[in-house]
Structures are given as C-alpha cells and as structure tokens.
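First the proteins, then the strands, lettered A, B, ... as listed; each starts at 1. In this text the structure is predicted, and so the values were computed from the model without any measurement.
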Amino acid sequence: MLKDTNCGELRSADSGRKVRLAGWVHRRRDHGGLIFIDLRDASGIVQLVLNPENAAAHAAAHRARIEWVLQVEGEVRNRDAATVNPNMATGEVEVVPTTVSILNEAATPPFYINEPVDVDENLRLKFRYLDLRRPEVARVIYLRHEVVRHIREFLYARGFIEVETPTLIKSTPEGARDFLVPSRMRPGSFFALPQSPQILKQLLMYGGVEKYFQIARCYRDEDTRANRVAEHTQLDLEMAFVDQEDVMALIEELYTGIAQKFGSGSLLQAPFPRIDYQDAMNRYGIDRPDLRFGLEFVDIAEPLRGSGFQVFAGALQAGGQIKAIRVLGRADMTRRDIDELTEIARSGGAKGLAYIGFTPGELRSPIAKFLSETEIASIKTLTGAEDGDMVFIVADQPAVVARALHEVRTSLGQRLGLIPEGVLAFAWVTGFPLLEWHPDEQRWDATHNPFCGFPESSREHLQPGGDPGKAASFQYDLVCNGAELGGGSIRISNRADQELVFSLMGHSPEQQADRFGVVLDALEYGAPPEGGVGAGIDRLIMTLAGTENIRDVIAFPKASSGSDPLMGSPTPVDAGQLEELGLLLKPSAPQA
RNA sequence: GGCCCCGUGGUGUAGCGGCCUAACAUGCCACCCUGUCAAGGUGGAGAUCGGCGGUUCGAAUCCGCUCGGGGUCGCCA
C-alpha cells in the first residue's frame, strides 16, 4: 500500500507515530517559510506542516496545488495548545513530513471541492468524479453504503437470502411506461427493464424460497421530479407463511434500527403509529400524512347544511364536504400569506380559500357577513378555535377538499415553522381499499398492485352484484415525514381469487393468460400464503440525510432531463447496430 | 405535452436601454511572508453577457425563436 494510515483517523494518541499517508491537497497555506497543507483522503483531513529545514519536502509542498495527489511519510505530533483547531476531527495533531512525493498533478478543478458552494448541477454531474470528492457529497454516499449494509446484515441474521432477478423481463402495459430493450435474436421483439421484481419474487416464494430480499434496481420511463428518477433502488423483500402483522413487525424493527443508528434526529414515535387509510384522508387529505406537525382537518359541514351562504350550502347539496384547519394564534396572518395560501388552494383544485380570523371584537373574514352568528359559533366550537386563532375553510367535492386543504396544510407547516428539524415521523397506513374506480377508463384498478390480497369478509363485495369499492385489502404503506417510503401486501395465493381480481380490473381471460399466465399457473401448484414489501432506498437516504433532491443520494444520477451529463447518454447508435436489431428510425429522429 | 424560474470571466453573483471598452467575491498566475487552518499582503491574467434573429441612433439590459438546466402539473407508486 502507498499508505498505512488514514488522514482523518489521526488523534492525539497517535502522537509520535511514523505514518505514511496519501491523498489530495485539500487546501494549502504557503507562508513562504512555513507551509501548511490540508491533506484529504476518504477518511477525512489532516494538516501537514512543512519546514524550510527539510528543503526537498518544502520545495514539493511549495509546488503542490489544490487536488494534486501526494504521498507523505512523516511523524505525527501534538500541536501546541494555541494552535489546536477544535473544528477539525484531527485538529489536535499535525503531521511533519520527512518526504513529500507528488504522485500526480491536477488541473484546476472547474468548481470548488473544498467549499460547500452551490454549483450549477449540470456542471457537478458532468464532473461527478470531482463532485464526489466534496466531503458533503461523499458523506451521503457513505451513509447510503452503511444503511444498505445494515439492511443486509439485519436480514441475513433473520434467515433471508439475497437472490438476483433478471433485468431483462417481459413488458406489460400496466403501470408506468417500460424501458424497452430490443432483441437481436428475435428482431421486432423487446425486453423490458423491470419496474420492480414483483412477479419474480412471488415466483421465488412459489419456488420454496421462504425469505427473500434484494437491493433491486427498478426502472420507469416517466418524467422526473425532485424525488423521482428513471432508475431507483428498492429494498425488495418477500416472505412465505406470514400475515400482515409479521411483515410490518419485521420492517418496523429494521427501520427503527436504521433511524436510531443513522437518523440525525429523533424518532417521533415508536412503535410506529397506525393510521387507517380513510382516517388519513379525513384528517390530512392524503394517504401519506406528514405527522411532524398538527393542523388536522376538522369537518364543519353539519351546522352549515342549511346555510344561507351558497358556496357552503351548494357544495353540500352537490355531495361535497366542508373542512377547516385551525391555526393557533395566527388571526393576524399577513394579507400576503393569505393570498399565497389561497393561490395554493386554487392550484389544488379549490375555487377559493375561505377564512375566519377570530380577532377580538370584529372578525377578520370576508365571508362572515354571509354566515349567521350561530354558524360562526359552531365553526369556532368544532375547530376548537379561540380568540386570536385563524381558521381556513375549503368547501368542495371530497377529492378537491382533500387535495387543496392538504396543500394548504403543508404550506402552513412550512411557512409557520411548525416542522421540527431532524424528527423522523414514521407511520403505517393500512386499510386501503383493494380497488378504486377509474372514471376515465371505466374500470376498477388496484390501488397498490393487482396481486394484493383481501380478507374473507370482503369477498361478498367482489361477487357479482357487490360493490368492489368496498373491498378491503391486505395492503400497508410505510410513510415518514410526508413521503411514502415503502409499501407492500399479503398477496393473493390461489388462482380463482387472482382471476376474480383481474376480471374486475377488466382483463379478459386472454389478456390474463398473456400477461400474467405464469402467476396464474403457478398458483395452481401449491402457493404458500406470502407477502412482502418494496421500500425505496433512495427516499430513505434522502430522509436520513435531510436532502430534498434524489440526485444527492445517487453516485451517478441522471439529470432531471433524463440524460446523463457525465457519460453523455443517451446517444444515437450506428446504422449497423440498428440493422442487427431490425430497427428502422423514423426520418424525424436524429441519425448517428 | 402545459406552466413557472434560471443561463454574465474557472466558480458564485451584481448590473436590467446609453455612466458597461461589464462590477464584486472567490479561484488562477507571480512575488513577499516561519503557525496558519476561508492565512495575510502586493501585482497580474481572465467574460462581448447560452445561441440566432429583431426593435432602437444605441442592448448583457426590450421582443421573438431556439438550445441547455431546474421546479411543477399531466404522467408516475
């Protein structure tokens, strides 16, 4: 090895040790006589001190520039009390080199490596190998490694085996758009990259593997978002002979351990609270509520049923709802805040955002004049508002109220500073309906995935004449701080039930055989009761690292535009490759 | 596909019709400097303002198109 010691690990106790270090020049302070070099390697940074008395080493240090690669042999010594740097992990010591070898010179980097300045992201991605040298970037990549390692060790210890599944699989038109890979052996046919190993892991269960997991790459050819990229990684896990509680208990133990070991803050609640889906929708308007703050919805429809205020009465007559959020002590909120919140409510689909500020004396509310004193008093009582509080109200169809008021709640949480730093608010959401009606396509669709099981008590709803929307499911979602971190279910384990669900979803027997024939056939040969989860690794790391951008937790991410500034992909390919694949490009497509 | 925002020396920003033959910080280069840790000091090099076209006596600054990037809705679990 060119080094026998890591820079970042040197401490006072190492004083007197002869060490060999190698790393990059993080910073250089050349006093002409004395030269200080901060030498950085993967472990951290340590200060070198070069004295003119050692002419060769001093000359090399004088010549060295930022990001040059050095090898140093020297002695560790304690710094004088006056020169100790308490801001550095290695600040009590420094290394006095006897030799300094320049292993490589370096061009001036296109952006700062030694300062956490916001640099144009495209430039960072283009020079990702330099970006990764930045300690704050590297930190997250190391965190990710440690978390995945923890997951593996946790599951190995509980008898899980890690099985790889193919990344060239069969395309199905369900769900997200597939990435396609043309087949050379069978021109005109395509593989798809998996959106998840769902079917394969079920087949593993049918194959007698009782405890499987995989850190699996998943692909979806859809537009990106801050927390969504074309390829992401999930902890894919499946177990045989379990019920819902078994899977949830296992995952909860795993995530509790991760939060305690790697979370920068505290777990809000453990064991994780459980929220019924309908309850979550009622109280937060979303199935992945952020439980770090309150501002729950209150249903205030009842006393307004016969109201003279048409906006309220009309909404109720049309089968809608009226819900409110009470904001403690903010009746004096600025006009600007209110306007912005109104705009947010509108973007969520609401026609407007009503409010009543319970200011002492006269109410602060453009709608108060349309409401009776009794109605206002009822709103006050139901919301628990007191003088000085503000109440926001949305009246509309349930889906609109949920969405608009959720956006308002989230914005209020942010703008009022109600979201505590470093808190991890995990929760389970259960009790999802099995199916939901898709008006556009005029058919039922699975809320989670079509293999999700259902309790016997729901069977009647799935029979002819029943209301499939009432069927319960064995689905569970893990949420944290308003993000869905994972979800899973106990699967259907017999052919008849699976066919029943597919049929309700509008798949003909032919379509079922074509798309899911393997699963249906396999279910006939003694499938065990089984279930599992798919849990997003990227989002988990985002939550732990406290970053808003999924690219921060991926070593070599694609840009938001879906391209890769580092490698320059995607690119056209040459005519010979296309020929082999039996592909012909449309004239409008750029040619290689 | 729609909407919003951004694009000025290596980097981050300022300038938003003539005072800009473009400013500031930092980085870079040279010299001085033995205790700094965002070292300090002196001097120097470095951008025609993403691209194209237009308006104007005059454009980094206004308009149109276009390219690149970011966010968001649609889409997506």
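No hydrogens or angles considered: a donor-acceptor pair under 3.5 Å links the side chains of Ser561(A) and Ser563(A). Looking only at atom types and distance, the side chain of Thr165(A) has a donor-acceptor partner in the side chain of Gln214(A) under 3.5 Å away. Of the N and O atoms on the side chains of Arg144(A) and Thr233(A), at least one donor lies less than 3.5 Å from an acceptor on the other residue.
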Name the pairs: protein N/O against N/O of nucleotides 7-9 of chain B, kept only if under 3.5 Å.
none

Under-3.5 Å N/O pairs linking protein and nucleotides 46-48 of chain B:
none

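Nucleotides C29(B) and G9(B) have their C1' atoms positioned 15 Å apart, rounded to a whole Å. U61(B) sits 13 Å from U56(B) when the C1' atoms are compared, rounded to a whole Å. Atom name C1', nucleotides G12(B) and G18(B): the rounded distance is 28 Å, in whole Å. Between U26(B) and G53(B), the two C1' atoms lie 36 Å apart (nearest whole Å).
A donor N or O paired with an acceptor N or O is not found under 3.5 Å between the base of C76(B) and the side-chain atoms of Arg220(A).
Between the CZ atom of Phe127(A) and the P atom of G69(B) there is a distance of 16 Å, rounded to whole Å. Between Phe179(A) atom CZ and C75(B) atom P the separation is 19 Å, expressed in whole Å. Note: CD (Glu407(A)) to P (C73(B)) measures 7 Å, nearest angstrom. Between Phe111(A) atom CZ and U13(B) atom C1' there is a gap of 18 Å when expressed in whole angstrom units.
Counting non-hydrogen atoms under 4.0 angstrom, Arg124(A) reaches nothing in the nucleic acid.
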Practice item. Produce a footprint string for nucleotides 27-37 of chain B: one letter per nucleotide, 5' end first; B if the base is under 4.0 Å from any protein heavy atom, S if only the sugar-phosphate is, - if neither. Key: SSSS--BBBBB

